[in-house]
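In listed order, ligands and their atoms are each counted from 1.
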Amino acid sequence: MSVQVLKEIFMKSVEAVQPRNLIRKQVKVQGGHLWIHGRSYPLHKPCYLVGFGKAVLGMALELEELLKDNLKMGVVTVPKGILEKFEPRSRIKFVEGAANNIPDEDALAGAVEIKGLVEGLGRDDLVVVVMSGGGSALLPLPVPPITLKEKQDLIRELSRKGADILELNCVRKRISVVKGGGLAEAAYPARVISLVLSDVVGDPLDFIASGPTTPDSDNGDDAVAIINKYKCYDRLPANIKTALGRHKSENSGCLPAITDGKYENVDNFIIGNNLMAAEAALQYAASFGFQSAIISTRVTGNVRAISRIYADLARNMASAICNSSSKQAVKESVRASTADLQTAPDFVDTLIDFDFGQEICLIAAGEPTVVVNGSGRGGRNQQLALELSVRLNKLNIKSADISFLSAGTDGIDGPTDAAGAIGTSDLVNNSLDENIKAEDYLNNNDSYAFYSSYRNGDCLIKIGHTGTNVMDIHIFTFDYTKPIPLESLDPEFTRSRPEPTRNPPGAHTRRRPGIHPEPTQNLPGVDPSPPESTRSRPGVHPEPTRNHPDSIRSPPGADPSPPGVDPEFTRSQPSPPGIHTEPPRSPLGVNPEPTRNPEPTRAHPEPIRNPPGAQYVIREGIRSVYFNFPKSESSLRNPRGICDYYKLQQRMLKLSDSSFQQVKVLSYLLLGQVQDDKECLRNMVEEFGIGSARCF
Ligand SMILES: Nc1ncnc2c1ncn2[C@@H]1O[C@H](COP(=O)(O)OP(=O)(O)OP(=O)(O)O)[C@@H](O)[C@H]1O
Ligand SMILES: O=C(O)[C@H](O)CO
């Protein structure tokens, strides 16, 4: 699977939760009122805006545009480095802080300003609060006399020991002035409207950014239990122990008492979450022709456990394709092994209905954790991609191309400059060719260093801050349709093919694609002699995928061609356009029967005809790829059409990036002045030094 396609699917999910779009769709200013989800708030005097989080810059700017002069002033804390990229011109004061998601003095200064702004407002004032993931680090205000460093150390230690976000924020709320409802209390009696982009599984308002505008229900016991669980209590500074021991409702001089009345003036709205991102990825994958489904949007737990579950899923799917009679058993195993993922209701049934001989794309979303014992650099996404690759390698499912992208929608994975990484079933072996031992890096939590070297960093996803944050997205592509060698266009070979069959020797591809002739060690029950298949060509989506209201979707009327491809072109070509990855039917229109003996009979003089319409064949290793160009020049004049056409080719042909370059160059040449200059074509191919191309 091309790295590019996975990255594109991921980018679609990020795009779907861009804060500006979310605000534009859900918030309106009309008739002197601010409207949100059908509720209206009078704007009889200019309002205030405060915010904190990785995704609030876009939210704040969009609100400023909507509110115009109805906005008096604002203070918003954003991650360090983000302003350089977006360069906002605004009357809102943006404070950058919390590099690498660690609270710092700058974020602290921002938090003090935010608290100062909302304190002292009156009953007829309106404060709009925008918050998102990363808000906890960007709104640090430790309960005095706890120092920022003391708080930081505790949270960092809990995080390194594997505490999840609910646990971390439970503790944060107890030692912060503004978290756990503190901000709403400070703003009382002003009207507070909170617009929240959720980065916590299940969208619990009191945990997102540590819930500054929702009451904290913990009386302190939970926080202490969590600190004990990770064996951090004994070494805690006295300041923290004292704050933890104090009930929040006790007047500490800075922690406001919780009285329900103070929350009557507060309305919280979730304006975006990871389901929106996962659905966008799903739709885009379906538009590429993948059978697609959402596994879960509630993935939590340790990366090690998650990678085991995902590897089991791959193993079960491989068993299903190799032994179709065991679907029921496979269904039960998938159900049992994915139970901890809190799968979407129809996931297992839908998956089992898929044609495993066609490409499948599965999407998951959530936020696993990593126990960091090593001294390396990485993040949970890179760790997961690497760990799963190691597991897939051990499974040794040779007939499958499995790729897996794991990335944070905020664009930043742990203390690195990457959003995540891509793992594959052949990564371990490929990396050994580069003298890189994946397992060593994995064990040292050094996934970033691994991915930076492997393939010159091609499998790292580096996109910088995205301006949004709805946790992590996982995208699997399973392709059990791995092409098997085609020799039919070898000139020697074509000359000597026996006439009676008229079939290219590659006709054995009509056996069920992707099946390894021998059962792999770790796949019990795999039938070594795979069944015959009448399936359609790999990668072409034959039937619509089933629709499920919240989890399983293929877009209505989804076209297997990607958006932007000239419809005229796609209609006028066999599907996929202009591409043959398997031998075509014989020129006489006879559907070739499987050829058991691929050895050509050299004595026979009759050549096999070339695939109808094929102009070129590209050799990639032992594989031949038939290839031609769209007839309609108009489709190629449209830059978007060209771009999508190439992407489709790369995916359909399963070309390596370098061969894909070759295809591109050939196409440009064809379109340019040298259409008939075959020597030039050959030179180009030689220059690329990969396989060979042949003009028919
Ligand atoms: N070397 C490492 N290898 C793997 N994971 C690591 C490493 N160092 C830190 N991590 C993990 O990175 C995670 C922190 O990542 P990050 O800073 O992106 O936080 P986040 O949870 O996404 O932030 P927020 O929830 O506030 O948006 C923790 O789960 C931590 O265990
Ligand atoms: O900031 C935080 O607390 C986390 O990102 C969860 O919202």
Side-chain angles (χ1 to χ4, degrees), residues 51-56 77-80 98-103 107 111 131-140 152 155-173 176 178-180 196-214 230 270 272-274 300-304 306-307 366-387 406-421 441-451 465-466 468-473:
F52 32 86
K54 294 181 185 179
V56 294
T77 54
V78 292
K80 202 147 261 172
N100 292 328
N101 210 19
I102 311 283
M131 73 174 88
S132 73
S136 294
L138 281 156
L139 194 71
Q152 252 178 28
I155 298 302
R156 194 187 285 126
E157 194 181 346
L158 288 170
S159 173
R160 285 180 73 87
K161 288 184 167 170
D164 67 22
I165 193 66
L166 298 182
E167 293 173 323
L168 291 179
N169 286 1
C170 182
V171 174
R172 278 167 165 157
K173 286 195 274 184
S176 159
V178 278
K179 297 183 167 98
V196 183
L197 181 58
S198 169
D199 74 327
V200 181
V201 162
D203 308 337
L205 278 167
D206 51 340
F207 281 91
I208 301 164
S210 303
T213 55
T214 42
Y230 293 101
I270 298 277
N273 59 17
N274 68 350
T300 54
N302 194 282
V303 158
R304 186 152 291 170
I306 304 297
S307 67
E367 191 169 272
T369 49
V370 177
V371 180
V372 182
N373 291 320
S375 58
R377 204 163 155 219
R380 56 178 177 258
N381 289 288
Q382 292 158 75
Q383 180 91 11
L384 179 57
L386 192 56
E387 178 132 16
S406 180
T409 51
D410 59 2
I412 303 296
D413 184 30
T416 76
D417 62 354
Y441 288 85
L442 184 67
N443 296 335
N444 192 29
N445 299 113
D446 208 9
S447 49
Y448 181 75
F450 170 85
Y451 274 110
H465 288 288
T466 58
T468 192
N469 181 16
V470 292
M471 298 177 273
D472 304 336
I473 295 287

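Exactly one of Asp413, Leu386, Asn381, Ile306 qualifies for a side chain to side chain contact (heavy atoms under 4.5 Å, CB included) with Ser406. That residue is Asn381. A side chain to side chain contact (heavy atoms under 4.5 Å, CB included) with Leu166 is found for exactly one of Val200, Asp206, Val201, namely Val200.
For ligand 1, the atoms lying closer than 4.0 Å to a non-hydrogen atom of Asn469 are 27 (O). Within ligand 2, the atoms closer than 4.0 Å to a non-hydrogen atom of Gly134 are 1 (O), 2 (C), 4 (C), 5 (O), numbered from 1 in the order shown. In the vicinity of Gly376, heavy-atom distances shorter than 4.0 Å reach the ligand 1 atoms 1 (N). Against a heavy-atom cut-off of under 4.0 Å, Gly414 is close to the following atoms of ligand 1: 12 (O), 15 (O), 16 (P), 17 (O), 18 (O). Near Arg377, meaning under 4.0 Å from any of its heavy atoms, are these atoms of ligand 1: 1 (N). Numbered from 1 in the order shown, with element, the atoms of ligand 1 that lie under 4.0 Å from a heavy atom of Ile412 read 18 (O). The distance from ligand 1 to the heavy atoms of Gln383 drops below 4.0 Å at these ligand atoms: 3 (N), 4 (C).
Only the side chain of Val200 comes within contact range of ligand 2, with a heavy atom under 4.0 Å; no backbone atom does. Heavy atoms of Val372 found under 4.0 angstrom from ligand 1 belong exclusively to the side chain. Here Val371 has no heavy atoms under 4.0 Å from ligand 1, in either its backbone or its side chain.
Closest heavy-atom contact between Glu387 and Ser307: CG-OG, 3.1 Å.
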Subject >> Chi angles and distances behind the side chain to side chain donor-acceptor pair (under 3.5 Å) call for Asn273, Ser198 >> reply: CA-CA 5 Å; Asn273 59 17; Ser198 169; over 6 Å; no

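Assignment of Gly134 to the shell around ligand 1 is supported, since a heavy atom sits closer than 4.0 Å.
Between the choices Asn444, Val470, Asn101, the shortest heavy-atom distance to atom 17 (O) of ligand 1 belongs to Asn101. The nearest non-hydrogen atom to atom 9 (C) of ligand 1, considering only Gly379, Gly420, Pro415, comes from Pro415.
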